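What follows is one structure encoded as structure tokens, with my remarks underneath.
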Amino acid sequence: PERVEEVLALSLEKGLFSDIVARSVLLASGRAGDVARAERWFEEFQRMRVEPESRQFSAVIGSCIESGDVLRAEYWMARLSE
């Protein structure tokens, strides 16, 4: 996830931020099973006015599942349907 965060920082610096970059950060966190990191970035992207898509929610839910946190995955699934 650290390498993807470096790419994110560079893309923000250059004004090249996109949904693909946001999703990559969330997916990298998910693959690492780092729920806190995925949630932190999800919230940060919302503060940046990046509209969450189902793919971004899926990435966060995936990180919950990877880490074995079923209750947290259910929380995010409920948030998705809001």
Side-chain angles (χ1 to χ4, degrees):
E2 291 83 12
R3 178 70 179 126
V4 176
E5 287 177 347
E6 291 173 16
V7 172
L8 170 65
L10 184 60
S11 69
L12 288 169
E13 180 182 309
K14 302 286 184 184
L16 301 173
F17 180 78
S18 71
D19 175 62
I20 294 169
V21 174
R23 186 165 176 256
S24 295
V25 170
L26 295 172
L27 286 172
S29 299
R31 287 188 188 115
D34 192 340
V35 177
R37 178 177 270 165
E39 290 179 332
R40 185 184 76 229
W41 279 114
F42 187 94
E43 298 299 339
E44 181 62 27
F45 295 143
Q46 283 198 305
R47 279 191 286 282
M48 294 169 59
R49 305 272 189 242
V50 175
E51 282 298 315
E53 296 180 352
S54 61
R55 291 178 296 186
Q56 293 168 337
F57 276 100
S58 294
V60 176
I61 292 166
S63 70
C64 295
I65 292 168
E66 281 290 320
S67 70
D69 193 342
V70 175
L71 292 176
R72 200 74 189 149
E74 289 175 350
Y75 163 80
W76 281 98
M77 288 177 72
R79 235 179 116 175
L80 171 61
S81 31
E82 291 176 353

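In this chain, numbering begins with 1 at the start of the sequence shown. Computed from a prediction, not measured in an experiment: that's the story for all the values here.
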*Please walk me through it: do E43 and R79 pass salt bridge (Lys or Arg N to Asp or Glu O under 4.0 Å)?*
CA-CA 12 Å; E43 298 299 339; R79 235 179 116 175; 2.6 Å; yes
Search all heavy atoms of [X] against all heavy atoms of [Y] and return the closest pair with its distance.
X: L80; Y: S54; value: CD1-CA, 4.1 Å
X: E66; Y: R31; value: OE1-O, 4.2 Å
X: V4; Y: A28; value: CG2-CB, 3.7 Å
X: L26; Y: A38; value: CD2-O, 3.3 Å
X: S67; Y: V35; value: OG-CG2, 3.1 Å

*Say whether M77 and V60 are linked into one hydrophobic cluster, either directly or through other cluster members, by side-chain heavy-atom distances under 4.5 angstrom.*
yes
*Indicate, with yes or no, if M48 and L27 share a hydrophobic cluster defined by side-chain heavy-atom contacts under 4.5 Å among Ile, Leu, Val, Met, Phe, Trp and Tyr.*
no
*Under the side chain to side chain contact (heavy atoms under 4.5 Å, CB included) criterion, do W76 and I65 qualify, and how do the steps go?*
CA-CA 11 Å; W76 281 98; I65 292 168; over 6 Å; no
Straight-line distance of [X] [atom1] to [Y] [atom2], nearest 0.5 Å:
X: S63; Y: F42; atom1: OG; atom2: CZ; value: 11.0 Å
X: R40; Y: S29; atom1: CZ; atom2: OG; value: 7.5 Å
X: Y75; Y: D69; atom1: OH; atom2: CG; value: 12.0 Å
X: Q46; Y: W41; atom1: CD; atom2: CH2; value: 14.0 Å

_Note: E44-R37 ion pair, threshold 4.0 Å (strictly below)_ =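 No, no charged N to carboxylate O under 4.0 Å.
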